[in-house]
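Note that the coordinates shown come from a computational prediction; the quantities given were computed from them, not determined experimentally.
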Amino acid sequence: MTSRPDLSLAQRKRQLVADELTEAALQLLALRGFDGVTVDEIVAAAGVSKRTFFRYFASKEDVVVQFLADMGTDMCAELASRPAGEPPSTALLRTVLIPLTTCGARSEKALPLVRLILSTPALRARFLERQAQWREGLSTELGRRLGLDPATDLYPHLAAGMALTAFDTVLLRWTESEGADDPAELAERAFAVMGASLDSVA
């Protein structure tokens, strides 16, 4: 996360510390694996105390979970900002491209981290947990855009689930290729397969 101009000085300071802790933790976890890093090593790398770490995060898992939460927030914000008349397939493609494009542009950092998440059972479980929350947010926004009630209409949940399945598939293929494949191009191929179904809103 980056600090925002409307934050107070104290909030910006807290954000800076959180960012430094996150950066140090993610670099170590990606380099050594989840079980190969201790909280003591994270705080040493960040230059803060252990007590400070626990003011921001409850555990190593929470550092990664916060990173994932930010991805979901970015996707929901992007979907909400898409033009009203845009086909659902296009809006959802642009939505998942937000984190995927970032991954591709910062592959030297993102690739080890994504590989860590997908290969560590505890982190993979948290990832799926987060995706369930993203799905709710995306389906709510899809319902608003299309005049459908997610509580009674199947389409918003199904469409959000399809988009996140494509997102997962692209991440997996990208890591398997060791970053050789372009995640944005993979996403476009995935949505070309699903496009007709996504745009067939009952």
Side-chain angles (χ1 to χ4, degrees), residues 1-4 7 10-78 95-135 137-138 163-164 166-184 186-187:
M1 281 192 294
T2 57
S3 55
R4 298 173 183 173
L7 295 179
Q11 289 172 318
R12 288 199 297 273
K13 185 176 179 181
R14 282 183 57 82
Q15 187 65 67
L16 180 61
V17 174
D19 288 346
E20 288 175 352
L21 274 168
T22 299
E23 183 70 16
L26 294 181
Q27 284 186 8
L28 286 173
L29 291 170
L31 182 65
R32 301 186 196 170
F34 186 73
D35 294 325
V37 178
T38 65
V39 171
D40 286 330
E41 290 171 324
I42 293 171
V43 298
V48 300
S49 69
K50 198 169 181 178
R51 186 175 180 180
T52 297
F53 177 90
F54 286 113
R55 280 207 298 266
Y56 290 87
F57 304 106
S59 64
K60 289 187 297 181
E61 290 94 336
D62 281 353
V63 179
V64 182
V65 167
Q66 184 56 53
F67 170 80
L68 298 177
D70 293 343
M71 290 172 63
T73 299
D74 291 344
M75 285 196 286
C76 286
E78 177 63 19
T95 293
V96 300
L97 279 177
I98 293 298
L100 291 175
T101 300
T102 300
C103 285
R106 302 176 58 195
S107 59
E108 72 286 347
K109 291 184 178 180
L111 186 62
L113 176 60
V114 173
R115 187 187 297 114
L116 174 71
I117 292 169
L118 296 182
S119 63
T120 306
L123 295 179
R124 178 67 173 163
R126 289 292 190 96
F127 189 40
L128 294 176
E129 239 175 61
R130 284 290 171 175
Q131 284 202 25
Q133 296 175 10
W134 302 351
R135 180 173 174 173
L138 293 175
L164 291 175
F167 175 72
D168 263 353
T169 303
V170 168
L171 284 181
L172 181 59
R173 183 67 61 86
W174 180 59
T175 57
E176 288 175 343
S177 76
E178 295 295 329
D181 290 337
D182 179 359
L186 289 171

Contacts of type side chain to side chain donor-acceptor pair (under 3.5 Å), residue Arg126, not counting sequence neighbours: Asp62
If we ignore hydrogens and angles and just use 3.5 Å, is the side chain of Thr175 paired with the main-chain N or O of Leu172 as donor and acceptor? yes
For Val65 and Phe57: C-alpha separation, side-chain torsions, deciding distance, then whether side chain to side chain contact (heavy atoms under 4.5 Å, CB included) applies. CA-CA 10 Å; Val65 167; Phe57 304 106; over 6 Å; no
I need the minimum non-hydrogen distance between Val96 and Ala163, along with the two atoms involved. CG1-O, 3.9 Å
Nearest heavy-atom contact between Ala30 and Leu116 is N-CD2, 4.0 Å
Verify whether one side chain among Glu129 and Gln133 offers a donor that lies under 3.5 Å from an acceptor in the other. no
Check whether any side-chain heavy atom of Arg106 lies under 4.5 Å from a side-chain heavy atom of Thr102, and answer yes or no. yes
Would you check, one step at a time, whether the test side chain to side chain contact (heavy atoms under 4.5 Å, CB included) holds for Val39 with Phe54? CA-CA 9 Å; Val39 171; Phe54 286 113; 4.1 Å; yes
Main chain of Ile98, side chain of Thr101: is a donor-acceptor contact present, judged purely on distance under 3.5 Å? no
Would you please classify the geometry between the Phe127 ring and the Trp134 ring as parallel, tilted or perpendicular, with 30° and 60° separating the classes? perpendicular
Counting neighbours of CZ on Arg173 that are heavy atoms of other residues, nucleotides or ligands and sit closer than 6.0 Å, is the number greater than 12? no
Contacts of Phe34 meeting ring pair (Phe, Tyr, Trp, His ring centres under 6.0 Å) (sequence neighbours excluded), chain-then-number -> none
Tell me the closest heavy-atom pair linking Leu21 and Ile42, and the distance in Å. O-CG2, 4.2 Å
Using a 6.0 Å cut-off, check whether atom CZ of Arg14 has over 12 heavy atoms from anything other than its own residue. no
Heavy-atom closest pair (Glu108 atom, Ala105 atom, distance to 0.1 Å) is OE1-O, 4.3 Å
Check Leu28 against Ala45 and note the closest heavy-atom contact, atom names and distance. CD1-CB, 3.9 Å
Is any side-chain heavy atom of Glu178 closer than 4.5 Å to one of Arg115? yes
Would you check if Arg55 and Val17 make a side-chain contact, meaning some heavy-atom pair closer than 4.5 Å? no
For the pair Val63 and Phe53, evaluate side chain to side chain contact (heavy atoms under 4.5 Å, CB included) and give the outcome as yes or no after the intermediate values. CA-CA 10 Å; Val63 179; Phe53 177 90; 4.0 Å; yes
Could you go through the side chain to side chain contact (heavy atoms under 4.5 Å, CB included) check for Glu41 and Arg32 one step at a time? CA-CA 11 Å; Glu41 290 171 324; Arg32 301 186 196 170; 3.0 Å; yes
Closest non-hydrogen atoms of Ala187 and Leu100, given as atom of the first, atom of the second and distance, are CB-CD1, 3.7 Å
